[in-house]
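Comments concern the structure below.
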Amino acid sequence: MSFERTLEHARARDGADALARFRGQFAHPLGEQGEPAVYLCGHSLGLQPLSARQRVIEELEDWAALGARGHESARRPWIPYHELLTHGLATLVGAQPGEVVAMNSLTVNLHLMLASFYRPDQGRSRILVEANAFPSDRHALSSQISWHGLDPRAELLELAPASGSGEITTEQIEYFLAQRGDEIALVLWPGTQYLTGQVFDLPRIAAAARRAGCAVGCDLAHSIGNVPVSLHDSGADFAVWCSYKYLNAGPGAIGGCFVHERHARSRTLPRLAGWWGHDPGTRFAMGPGFDPAPGAEGWQVSNPPILSAAPLIASLELFADAGLAHLRAKSVALTGYLAFLLDALPVEVLTPQSVQSRGCQLSLRLGSDARHGRAVFEVLQRAGMVCDWREPDIVRVAPVPLYNSFEDVFRFATALAAALKAVG
Ligand SMILES: Cc1ncc(COP(=O)(O)O)c(C=O)c1O
């Protein structure tokens, strides 16, 4: 079925959508003026699954009723609580269960991974990253380089899109690694670029990095729950992510981490250890030695924050129910519909057109310059459209297949046409 620019068409699409039942399982916020909003901001903060509240209440109840006994006797005992998240996360990132663990937040996990996998030596000391990396990743990389007594200005290599293009191609990355890989100790690459929405071919990038002898890690903040990922097969050494975007686990929710199976029993990789990474069989013997749990769990440091992990249980249940393949198929159609509607408007879409190179998000330039674009964005906000502005002039819009509809997309495009007209 091809797309049409009518509300009836959008509603017909929703009527035929087998995933439409999930929309009602989320809390939908109102707009700034209290009007029904169109929420297209799941790339920033996913909506609250209604079942999350109950999951959190259950933990509060068990804490009230059981105190410390909850560690063993809560309905979901707290000591092995993180294990409840493993299967769902492993499915979403294409990993074996032993390769993933829910813990901390993204940047903290990135530091923990860099402590193990960034091992600069005289021959190879550099880190390769994309030029427009999320600032927190850049701060983490620069500070790790400094931590090793090196100069980030010399050691951080930032690969920019070829001039005139907003995209970094896989060929460009492969070429760079083939030329300069022997200087590079570690490559950090995003699964999905946070600003442009470009989805990268992680298996090819990881393979090129490994061919060049570099360690390789991925930031999946904008990929997990958004696009298919196969971390195990990609061969990446590690990956990190947060759960508050497409995973809908709430502000500051527990993040996650992947460590490839080949490092599962490593005793040679240094790590910043803590008691929760100790083999759970002997953790409570409270001995002085550190015996790491096999797999990603061995990188845990502290006991998990139960109240920030509980909503993720609720969300992963919804993902399991909907099925990733179905979600991706709907996402391709939803974002395709948005691209189709935008095609008739005077806006610039920065996100690649090819379906393989994008997920939910489209990144837009709305006006002739940043000031004009900002004015259009503000009119959109007042019309109840929830998307976000990223400096200097980019508006990010993401229809999410779990809770957005074709009608949402239609309403957004209609509001955008009106805003462009109003601002002139
Ligand atoms: C791509 C990317 N990396 C890192 C972060 C930082 O995440 P956290 O604050 O959970 O460390 C974000 C947050 O939005 C992000 O989008």
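Note that ligands are numbered from 1 as they come in the structure, with each ligand's atoms numbered from 1 the same way. Please read these numbers as outputs of a predicted model, since none were measured by experiment.
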Cationic N near anionic O, under 4.0 Å, Asp321 to Arg21: yes
- prompt: Listed by chain and number, what are the side chain to side chain contact (heavy atoms under 4.5 Å, CB included) partners of Thr268, not counting sequence neighbours?
  reply: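 Side chain to side chain contact (heavy atoms under 4.5 Å, CB included) list for Thr268, sorted by chain: Ser266.
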field: Distance, nearest 0.5 Å, that separates CH2 of Trp241 from OG of Ser105
entry: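 With rounding to 0.5 Å, CH2 (Trp241) is 13.5 Å from OG (Ser105).
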Donor-acceptor contact below 3.5 Å, side chain Glu59 vs main chain Val56: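 No.
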message: Quick one: does any side-chain atom of His71 pair with a main-chain N or O of Pro77 as donor and acceptor, under 3.5 Å?
response: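 Checking the backbone N and O of Pro77 against the side chain of His71, no donor-acceptor pair under 3.5 Å is found.
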[atom]: nearest protein contact (heavy atom, Å):
{"atom": "atom 12 (C) of ligand 1", "result": "Phe134 CE2, 3.3 Å"}
{"atom": "atom 4 (C) of ligand 1", "result": "Asp137 OD1, 3.3 Å"}
{"atom": "atom 14 (O) of ligand 1", "result": "Lys245 NZ, 2.9 Å"}

message: Considering both backbone and side-chain atoms of Tyr244, is one of its nitrogen or oxygen atoms within less than 3.5 Å of a nitrogen or oxygen in ligand 1?
response: yes
query: His222 to ligand 1: N or O pair under 3.5 Å?
result: yes
- prompt: Applying the ring pair (Phe, Tyr, Trp, His ring centres under 6.0 Å) test to His263, which of Phe117, Trp299, Phe238 qualifies?
  reply: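 The single option meeting the ring pair (Phe, Tyr, Trp, His ring centres under 6.0 Å) with His263 is Phe117.
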- prompt: Using heavy atoms and a threshold below 4.0 Å, how should the contact between Leu110 and ligand 1 be classified: side chain, backbone, both, or neither?
  reply: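 Near ligand 1, Leu110 shows nothing, with every heavy atom at 4.0 Å or more.
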query: Using heavy atoms and a threshold below 4.0 Å, how should the contact between Asp219 and ligand 1 be classified: side chain, backbone, both, or neither?
result: side chain
task: Give the atoms of ligand 1, by number and element, whose distance to some non-hydrogen atom of Thr107 is under 4.0 Å.
output: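 Per the distance check, 6 (C), 7 (O), 8 (P), 11 (O).
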